[in-house]
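To find a chain, count down the sequence lines: A is the first, B the second, and so on, and within it residues start at 1.
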Amino acid sequence: MNEDQDVLALISTKRTRDEGFKRLMQKYQERVYWHVRRMVVDHDDADDVVQNTFIKVYRGIHSFKGQAKLYTWIYRIATNESITFLKQKKRKQTESMERGDFSLADQLCADPYFDGSEVQLRLQEAVAALPEKQKLVFLMKYYDEMSYQEISEVLETSIGGLKASFHHAVKKVKKHLTEVQL
Amino acid sequence: MKKHEEEIPEFLEELKGEQPFHVPPTYFRSLQQDVMARIGQEDAKPRTAFFPTAFMAERWFRPVLALCACALIIAMVWINQSPEPAEVAINENFSQEEIEQYLLVYLDDIDETYLYQEDLSGMDWIEETADLDESDKIWEGLLDELDEETLQEIF
């Protein structure tokens with residue numbers, strides 16, 4: 001029996017449910033956090049999204065039937081939570097644009113949990129400017145080193161479409177970095 | 001190098017080594033506790049959902065719920081086609097004698113045509129009066145009894 005099955009067996013029994021869930025979090029929390037953090041950038045935002053993700057996992061784990069890998073299922077929830085969060089944030093930002101709020105670069109410079117170089121700052125800008133699908137594929141492939149097969153299981157998209165999205169994303173990132181003359 | 005990594009351009013590979021993001025030192029140690037605390041808080045709140053979440057997540061539950069709703073609609077339609085509730089109440093709560101007594105007292109208030117339309121086969125005394133041929137004879141008798149003066153008053 002593998003580790004995921006052990007965890008699921010613990011979760012399926014009411015008495016050991018919390019213990020099983022703690023093990024699940026122990027195993028996946030960092031990977032989920034970094035996936036979410038690269039999507040939403042800010043630590044506090046990532047913390048909210050990660051907590052919401054694991055609460056949804058806890059509430060919905062009995063509906064997980066094992067058709068996909070446990071991590072793929074958790075990853076999908078985390079991705080959907082991040083997308084929902086970013087859409088809400090974008091709506092709020094559109095409203096606050098007129099009030100002259102900070103750009104992403106300003107926000108990152110003020111973030112105590114970001115200390116990247118100028119190139120990293122521009123890279124984050126370029127990634128943040130990508131369309132949603134391209135951003136997801138870029139982050140999963142570039143940072144999480146997932147295969148197209150794994151990404152297609154999470155995003156439920158064809159591998160051909162993912163390759164095209166990644167190609168366009170890389171071109172846009174390169175163009176952005178060239179434009180700012182780094 | 002993994003096969004899928006071959007497509008990452010060189011300029012991006014160079015940037016990959018840096019980790020610009022950080023987290024508070026004890027973040028991952030407290031994350032589990034924070035999540036469990038939030039779950040505990042949510043569980044402590046009174047539930048507003050009509051059905052428990054565990055039921056809603058079951059695959060069989062929604063179709064069963066839909067079937068119950070259909071059955072309820074069919075039952076409502078069937079009830080609407082059944083006799084009027086007031087009619088059922090009269091039939092169930094009053095004896096034949098009580099109904100007859102009522103009709104005797106309030107006979108003048110009842111529309112005559114109603115008596116012809118309804119099935120009053122159980123009420124012999126009304127049937128005699130309500131018979132079309134018989135009623136014609138009664139009206140003729142009444143007209144004979146009326147004098148000219150009364151007729152002028154009426155019309």
Expected output: side-chain A:Tyr142 to main-chain B:Leu12 donor-acceptor under 3.5 Å
yes
Least distance between heavy atoms, B:Ile39 atom then A:Arg59 atom
O-NH2, 3.6 Å
Does A:Lys89 have more than 12 heavy atoms from other residues, nucleotides or ligands lying within 6.0 Å of its NZ?
yes
For A:Asp111, is it the side chain, the backbone, both, or neither that has a heavy atom closer than 4.5 Å to a heavy atom of chain B?
neither
In terms of heavy-atom proximity below 4.5 Å to chain A, should B:Gln33 be classed as side chain, backbone, both, or neither?
neither
For the hydrophobic clusters of this structure (ILVMFWY residues joined by side-chain heavy atoms under 4.5 Å, transitively), does one cluster hold both A:Leu10 and A:Tyr28?
no
Counting a contact as any heavy-atom pair under 4.5 Å apart, which residues of residues 24-32 of chain B contact chain A?
B:Pro24, B:Tyr27, B:Phe28, B:Leu31, B:Gln32
Any heavy-atom pair between the side chains of B:Val35 and A:Phe21 that's under 4.5 Å?
yes
Answer yes or no: are there more than 12 heavy-atom neighbours, outside A:Lys27 itself, under 6.0 Å from its atom NZ?
yes
Which pair of heavy atoms, one from B:Glu42 and one from A:Ile55, lies closest together, and at what distance?
OE1-CG2, 3.8 Å
In terms of heavy-atom proximity below 4.5 Å to chain B, should A:Gln26 be classed as side chain, backbone, both, or neither?
both
In terms of heavy-atom proximity below 4.5 Å to chain B, should A:Val41 be classed as side chain, backbone, both, or neither?
both
Establish whether A:Met39 and A:Tyr113 are linked, either directly or via other cluster members, by ILVMFWY side-chain heavy-atom contacts under 4.5 Å.
no
Minimum-distance pair of heavy atoms, taken over all atoms of B:Pro20 and A:Gly116:
CB-CA, 3.5 Å
Would you mind checking which part of A:Phe138 comes under 4.5 Å of any heavy atom in chain B, side chain (CB onward), backbone (N, CA, C, O), both or neither?
side chain
Residues B:Arg38 and A:Asp48 bridged, charged N to O under 4.0 Å
no
Quick one: closest heavy-atom pair of A:Arg37 and B:Phe21, and the distance?
NH2-CD2, 3.4 Å
I need the B:Met36 CE to A:Phe54 CZ distance, nearest 0.5 Å.
12.0 Å
